[in-house]
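Throughout, a chain's letter reflects where its sequence line sits, starting with A, and its residues are numbered from 1.
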Number of protein chains: 2
Amino acid sequence: MLSSMGVTIYDLAREAGVGIGTVSRCLNNHPHVSPATRARVLSIVKRLNYQPHAGAQRLASRRTNTISVIIPSFTNYFYVQTLQGVQDVAADIGMDLMLYGVSHTAQVEHYLRRSLHRGHVDGVLFFSMILPESFVARFQQMRLPMVLVDAYHPAFDSIRVQNNEGGYSATHHLLSLGHRDIAMINASLDTQPARERMDGYRRALEGAGIPFREDRVIISSAGKNDGFNRDAGRDSMRRLLTTTSGPGRPTAVFIASDVQAIGALEGARAEGVRIPEDLAVVSFDDIELAQYAELTTMRQPMYEIGRLAMEKLIARMKDADAAPTLSSFVPDLIVRRSCGAAAHALAGIPVPSQPAPVQHS
Amino acid sequence: MLSSMGVTIYDLAREAGVGIGTVSRCLNNHPHVSPATRARVLSIVKRLNYQPHAGAQRLASRRTNTISVIIPSFTNYFYVQTLQGVQDVAADIGMDLMLYGVSHTAQVEHYLRRSLHRGHVDGVLFFSMILPESFVARFQQMRLPMVLVDAYHPAFDSIRVQNNEGGYSATHHLLSLGHRDIAMINASLDTQPARERMDGYRRALEGAGIPFREDRVIISSAGKNDGFNRDAGRDSMRRLLTTTSGPGRPTAVFIASDVQAIGALEGARAEGVRIPEDLAVVSFDDIELAQYAELTTMRQPMYEIGRLAMEKLIARMKDADAAPTLSSFVPDLIVRRSCGAAAHALAGIPVPSQPAPVQHS
DNA sequence: TACCTTTGTGGAAGCGCTTCCAGAGTTACC
DNA sequence: GGTAACTCTGGAAGCGCTTCCACAAAGGTA
């Protein structure tokens, strides 16, 4: 019984008294094998506890049945949810996932290069980072399918979240609650989400005839994640509240992310400012904490994004020559306590309806 | 330049005017190649943009440089942190990770079987689930290294968290704050953590000369994760508070997990019971929310567990015949607001020191 | 000088599969 | 009876690497 260590199709063939071709056909469900032969071979497979050799299969069939996922350090809730969507689809179709978590930017190129090794993976999902231009040609040369998620390049299938629309909806929601002086707390404008969310904020204001004021945007890029963190949020809020007062103080804030908002709530509490009575807050992401902190926020359909990414990749693996597609998800407005809409509703003021999520390509 | 699609060592050899053996030696940094030859070959590697074929390497070298991670659905904060530790070590030594997230129990066997394919992976990390006995022999037969994390089997290296110690420390902390009537909110006793944490609770009580009372343990296994969820926590707390009152009501509770504690806080609020003034709370896990909710809790060093798991696996891959090891982590007590220790400290009552974390094998 | 060792090199022999081609046997139809 | 078509099977030829063995050249030692 210890024999199972290295059973090959040659052993199976000898044991069953057939050729290796026949064995292979049995194993791969090919037609043109008599039922009797197939049954005999399969019983021997079982008896000898045969395990195919993955490397040999890859070499001979030139398919790996594996895709690699290159993702920024995934302790972030966004990626965990997305990865779950990817994983579920992969499990359905029996694909393996190679996980590459990027902690240092230098690793990006390393993992991309590794994914390009022939016979390593059949496709790549690339998340939220800037694809180095030098790799564009390489992927095309190797004809290695790739889907960009939360990122964009015209040469590849891309999936994006409409941050701009999200920023617009968030701000519009505050406007429709009657606020006219709305500030924004943002992270580093070097990141695309920060820029786009601010553009939406600006567009909503201007659409309501309210001029965009640069001094109403507090930007902190301190700490990790380019300012998308709790401490930066707290500092920004304190800065906002210590530099304004009385009627010169905004009545609402749009905050670029939930983590910042969590910090901002602490900052507001420290300054004795009540949320939402004194200051209405809408943020972005709908991470797990947002529900607990009762944040009104823009929800990104993370799980669905993961599923779609995987589906796009599968489609691309089937047809390498189709034109690249661009899919967009529009974030949902999730109304909770922090925007004060509940209080409004009690006072008989109608709450604006949420825009329906749209997914177009 | 489109040539790079399928460059093999034969192409390199021809181009450089050397044999394939020499090329292979250059690529793998073997000795016995003259510096001149090596330089020439490597320059051609660069020029033709050669990429080794992973499948062929695996087949010929019988090493895959990959390990598989079989993990319960990882949206759980515990696994995310642990996986990060695993990932970081893997990146350091250039190993690839194959991620298998288990959503349905049927998938466990499938992923185990897949990992057993020859030439698929060099080792397996298996998390928090019961290893089917039928696989024990198979792994031994195939001599496939495996490390169990948050699980145990005498035949394999195992890494555990001392839930018993944790339950003891949590309860002991409450005792040292002067509480004599301490309840426990627990999840299904079918799970090992729930049993062990309760054993620690009991041991601490009895060590202090307080009899263990079964009616002081509220168990709810409703909902998902065997009762380790928010709703179960809320229900348990309400049950505790509605069945007791006045001096017959406990002054403190040890709750088996943070998620339950979050729900329990809501339940207490609904019953008008203040935490920690009316009821002190200590829970378990130190998930991200715990900090926000100011829970005093038992922290599991998740990242370190991940790192250690990977290191154990590497050691096992080097020496297959060493005796299986068992490593334990003792959870840390993290003191926050929910236990009332802060108030005690203000009142001049010394806060007990935290036990130092111990890691023994 | 004779002999051993070291260094550098070429290439055959695998690794264990898939796939293709050829051939044997069977059935079908004119 | 002859031809065509179809079913089933065996096994060679690759896939692209690593590793080993053989051998040549150069250096070292007595």
Side-chain angles (χ1 to χ4, degrees), chain A residues 3-42 44-45 48-66 114 116-122 142, chain B residues 3-42 44-45 48-66 114 116-122 142:
Chain A
S3 55
S4 79
M5 176 87 215
V7 184
T8 72
I9 54 169
Y10 291 92
D11 301 320
L12 299 179
R14 189 173 359 90
E15 200 74 11
V18 298
I20 57 162
T22 303
V23 171
S24 178
R25 258 161 267 151
C26 292
L27 292 171
N28 296 294
N29 286 319
H30 282 207
H32 303 312
V33 181
S34 73
T37 308
R38 166 158 286 145
R40 184 151 41 92
V41 169
L42 291 182
I44 290 172
V45 164
L48 297 189
N49 187 23
Y50 166 79
Q51 306 284 0
H53 190 291
Q57 282 178 315
R58 288 172 178 222
L59 180 56
S61 69
R62 57 235 42 231
R63 280 184 298 95
T64 67
N65 212 29
T66 305
R114 195 168 186 98
L116 280 165
H117 284 10
R118 289 163 301 138
H120 192 63
V121 296
D122 294 336
M142 302 290 283
Chain B
S3 56
S4 80
M5 175 89 214
V7 184
T8 72
I9 54 167
Y10 292 93
D11 301 319
L12 299 179
R14 188 172 0 88
E15 200 73 12
V18 298
I20 57 163
T22 303
V23 172
S24 178
R25 258 161 269 155
C26 290
L27 292 171
N28 297 293
N29 286 320
H30 282 205
H32 302 314
V33 181
S34 74
T37 308
R38 165 159 286 144
R40 185 152 40 92
V41 170
L42 291 182
I44 290 171
V45 164
L48 297 188
N49 188 22
Y50 165 79
Q51 306 284 0
H53 189 291
Q57 282 179 316
R58 289 175 177 219
L59 180 56
S61 69
R62 61 246 22 240
R63 281 184 298 96
T64 67
N65 212 32
T66 304
R114 194 167 186 99
L116 280 165
H117 282 10
R118 289 163 303 137
H120 191 63
V121 297
D122 294 336
M142 301 291 284

ask   = Across the strands shown, which category fits B:His30 at heavy-atom distances under 4.0 angstrom: base, sugar-phosphate, nothing?
value = sugar-phosphate
request  = Under 4.0 Å between any heavy atoms, over every strand shown, what does A:Ser24 touch: base, sugar-phosphate, or nothing? Just pick one.
outcome  =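 Answer is base: heavy atoms of A:Ser24 come under 4.0 Å of a base.
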[X]: partners by side chain to side chain contact (heavy atoms under 4.5 Å, CB included), with sequence neighbours left out:
{"X": "B:Arg63", "answer": "B:Ser61, B:Asp122"}
{"X": "B:Ser34", "answer": "B:Ala36, B:Thr37"}
{"X": "B:His53", "answer": "A:Leu59, A:Arg118, B:Ala56"}
{"X": "B:Ile20", "answer": "B:Ile9, B:Tyr10, B:Ala13"}

key: Partners passing salt bridge (charged side-chain N to carboxylate O under 4.0 Å, His left out) against B:Arg40 (at least two apart in sequence or in another chain)   = none
Closest non-hydrogen atom pair, A:Asn65 against B:Arg114 = ND2-NH2, 3.1 Å
query = For A:Gln57 and C:dT18, is the shortest distance between a side-chain N/O and OP1 or OP2 below 4.0 Å?
reply =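 Yes, A:Gln57 has a side-chain N/O under 4.0 Å of OP1/OP2 on C:dT18.
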inquiry  = At less than 4.0 Å, is any side-chain N or O atom of B:Arg63 found next to OP1 or OP2 of D:dT18? Yes or no.
reply    =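 So the side-chain polar atoms of B:Arg63 never come under 4.0 Å of the phosphate oxygens OP1 or OP2 of D:dT18.
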note = In 5'-to-3' order, the base (B), backbone-only (S) or no-contact (-) status of each nucleotide in nucleotides 7-14 of chain D, using a 4.0 angstrom heavy-atom cut-off, is SSBBBB-B
ask   = Do any pairs count as a salt bridge (charged side-chain N to carboxylate O under 4.0 Å, His left out) and have a residue in residues 12-32 of chain B, sequence neighbours left out, and if so which ones?
value = B:Asp11-B:Arg14, B:Glu15-B:Arg47
ask   = Tell me, which pairs form a salt bridge (charged side-chain N to carboxylate O under 4.0 Å, His left out) where one or both residues lie in residues 27-39 of chain A, sequence neighbours left out?
value = none
task = Take the C1' atoms of the five end pairs on each side of the helix from C:dT1-D:dA30 to C:dC30-D:dG1, get both axes, and report the angle to 10 degrees.
result = 40°
Whole-Å gap separating C1' (C:dC17) and NE2 (A:His53) =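 So the two atoms are 9 Å apart, to the nearest Å.
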